[in-house]
Amino acid sequence: MIGLDVEPMRADLEALMGKLAGKALVADITADDTPAQLVALAKELGGFDIVVHNAGVTRDKTLANMPEHWWDMTININLTAALRINSALLDAGALNTGGRIVGVSSMNGIAGQRGQANYAASKAGVIGYVEQMAPALLAKGITINAVAPGFIETQMTAAIPLMTREVGRRLNSLSQGGLPEDVAETIAFFANPAASGVTGNIVRVCGQSWLGA
Ligand SMILES: NC(=O)c1ccc[n+]([C@@H]2O[C@H](COP(=O)([O-])OP(=O)(O)OC[C@H]3O[C@@H](n4cnc5c(N)ncnc54)[C@H](O)[C@@H]3O)[C@@H](O)[C@H]2O)c1
């Protein structure tokens with residue numbers, strides 16, 4: 001197993017990979033050489049069976065005030081990097097037959113969100129990509145799906161201002177934020193070898209969010 005994160009997260013990444021007996025790869029998914037590094041690692045391990053594209057960022061501002069580099073950065077990390085990595089793995093035959101690709105979209109990629117045109121565009125892009133790729137991958141028995149989380153209690157949502165955060169937590173039928181485990185369990189379902197007939201799907205993990213319902 002390989003876990004990837006950026007340099008500032010090295011300690012957390014190494015601690016987690018230590019627990020899981022995996023390998024920590026400190027890299028930026030948008031760097032030019034990251035796809036090739038992943039291909040090399042995949043080949044060492046006899047190919048990857050499961051690839052989960054979880055890395056993501058927000059850079060929120062209304063479109064009128066959005067610096068161009070915030071737009072580019074959000075699209076690059078949340079969407080383009082996954083496309084480049086998948087292409088490199090598929091071109092090199094480094095994703096095994098019966099492999100699983102799981103993307104992480106967002107309810108804001110389905111419903112949009114004020115101040116998040118960049119984020120919503122990137123996450124809507126994940127959905128379009130999954131739908132477009134699924135038929136092309138079926139010949140190799142590779143499935144591609146994505147989760148679309150609603151409000152989940154993580155570092156990302158801890159950074160939202162208090163009142164907005166409290167509203168975000170409650171805008172669903174469960175009236176509470178979800179946990180990372182809720183999303184992880186859905187990813188694990190997609191990744192299960194028995195889920196071979198499940199491809200091109202987006203599953204919302206949102207407690208029945210009222211936005212995008
Ligand atoms: N928390 C939520 O409510 C929520 C809702 C919908 C979707 N999501 C999505 O879930 C995923 C996980 O988010 P989270 O809430 O755990 O956020 P988080 O900020 O806690 O985790 C995101 C991780 O991505 C890593 N990352 C960022 N840029 C990177 C890069 N260039 N290269 C490598 N790693 C990079 C970060 O270092 C961090 O470890 C993201 O794709 C996010 O958009 C989160």
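Expressed to the nearest 0.5 Å, how far CD of E153 lies from CZ of R165 amounts to 8.0 Å. Note: D49 CG to M1 CE = 11.0 Å, rounded to the nearest 0.5 Å. M133 contributes atom CE, which lies 6.5 Å from atom OG of S87 (distance to the nearest 0.5 angstrom). From K140, atom NZ reaches atom CG of L90 across 5.5 Å, with rounding to the nearest 0.5 Å. Residue R84 holds its CZ atom at 9.0 Å from CD1 of I29, rounded to the nearest 0.5 Å. In this structure, CG on L4 lies 7.5 Å from CG on L13, to the nearest 0.5 angstrom.
In this structure, the side chains of I110 and R204 come closer than 4.5 Å at one or more pairs of heavy atoms. Residues Y129 and I144 have side chains in contact (heavy-atom distance under 4.5 Å, counting atoms from C-beta outward). Looking at I152 and P180, their side chains come closer than 4.5 Å, going by heavy atoms from C-beta outward. When side chains are defined from C-beta on, I160 does not count as touching T58, because their heavy atoms never get closer than 4.5 Å. In this structure the side chain of F189 never reaches within 4.5 angstrom of the side chain of N192, judged on heavy atoms. Annotation: side chain of T30 is not in contact with side chain of T80 (no heavy-atom distance under 4.5 Å). Between L89 and V39 the shortest side-chain heavy-atom distance falls below 4.5 Å. Contact check for P135 versus L138: no side-chain heavy atoms found under the 4.5 Å cut-off.
Minimum heavy-atom separation, W71 to L63: CZ3-CD1, 3.9 Å. The heavy-atom pair separating P67 from K61 by the smallest distance is CD-CD, 4.0 Å. Summarising the geometry of A195 relative to F190, their closest heavy-atom pair is CB-O, 4.0 Å, with the distance given to 0.1 Å. Nearest heavy atom pair, residue K43 against residue A92, reads NZ-O, 3.1 Å. Residues V104 and I187 share a closest heavy-atom pair of CG2-CD1, 4.3 Å. In terms of heavy atoms, W70 sits closest to T74 at O-OG1, 2.8 Å.
Between the side chains of H53 and N78, no donor N or O sits under 3.5 Å from an acceptor N or O. Side-chain atoms of D60 and Q116 include a donor-acceptor pair closer than 3.5 Å.
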Determine, step by step, whether K23 and M17 satisfy the side chain to side chain contact (heavy atoms under 4.5 Å, CB included) criterion, reporting the C-alpha distance in whole Å, the side-chain angles of both residues, the deciding distance to 0.1 Å, and the verdict. CA-CA 6 Å; K23 179 181 168 55; M17 286 300 117; over 6 Å; no
Yes or no on side chain to side chain contact (heavy atoms under 4.5 Å, CB included) for N108 and K123, after CA distance, side-chain angles and deciding distance? CA-CA 7 Å; N108 291 352; K123 296 297 185 177; over 6 Å; no
Between L174 and Q208, does the side chain to side chain contact (heavy atoms under 4.5 Å, CB included) criterion hold? Intermediate values first, please. CA-CA 7 Å; L174 297 179; Q208 203 179 33; over 6 Å; no
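A donor-acceptor contact shorter than 3.5 Å links the side chain of R100 to the backbone of G98. For the pair S175 (side chain) and L171 (backbone), a donor-acceptor distance under 3.5 Å is absent. At least one donor-acceptor pair closer than 3.5 Å links the side chain of N201 to the backbone N or O of T199. Side-chain atoms of N172 come within 3.5 Å of backbone atoms of Q176 as a donor-acceptor pair (strictly under, hydrogens ignored). Between the side chain of N86 and the backbone N or O of L83, no donor-acceptor pair lies under 3.5 Å. Side-chain atoms of D182 do not come within 3.5 Å of backbone N or O of G178 as any donor-acceptor pair. Using a distance-only test at 3.5 Å, with no hydrogens or angles considered, no donor-acceptor pair links the side chain of S209 to the main chain of C206.
Residues V183 and L211 fall into different hydrophobic clusters, defined by Ile, Leu, Val, Met, Phe, Trp and Tyr side chains chained together at heavy-atom separations under 4.5 Å. Criterion: ILVMFWY side-chain heavy atoms under 4.5 Å apart, direct or through other members. Under it, V203 and V130 are not part of a common hydrophobic cluster. Follow the hydrophobic side-chain contacts under 4.5 Å out from V205 and you never reach I202; the two are in separate clusters. In terms of hydrophobic clustering, with Ile, Leu, Val, Met, Phe, Trp and Tyr side chains grouped at heavy-atom distances under 4.5 Å, L16 and L38 are assigned to different clusters. Put simply, I142 and I127 are part of the same group of oily side chains (I, L, V, M, F, W, Y) that touch within less than 4.5 Å, one to the next.
Checking each of V6, D5, D12 against P8 for a side-chain contact (heavy atoms from CB on, under 4.5 Å) leaves exactly one that passes, namely V6. Considering T143, L137, N145 in turn, L137 is the only one that fulfils the side-chain contact (heavy atoms from CB on, under 4.5 Å) rule with I101.
Open room surrounds CD on E68; 12 or fewer heavy atoms of other groups in view lie less than 6.0 Å from it. Remark: D32 CG is loosely packed, at most 12 non-hydrogen atoms of other residues, nucleotides or ligands lying under 6.0 Å away.
Every residue meeting the salt bridge (Lys or Arg N to Asp or Glu O under 4.0 Å) condition with E166, not counting sequence neighbours, appears here in chain and number order: R169, R170.
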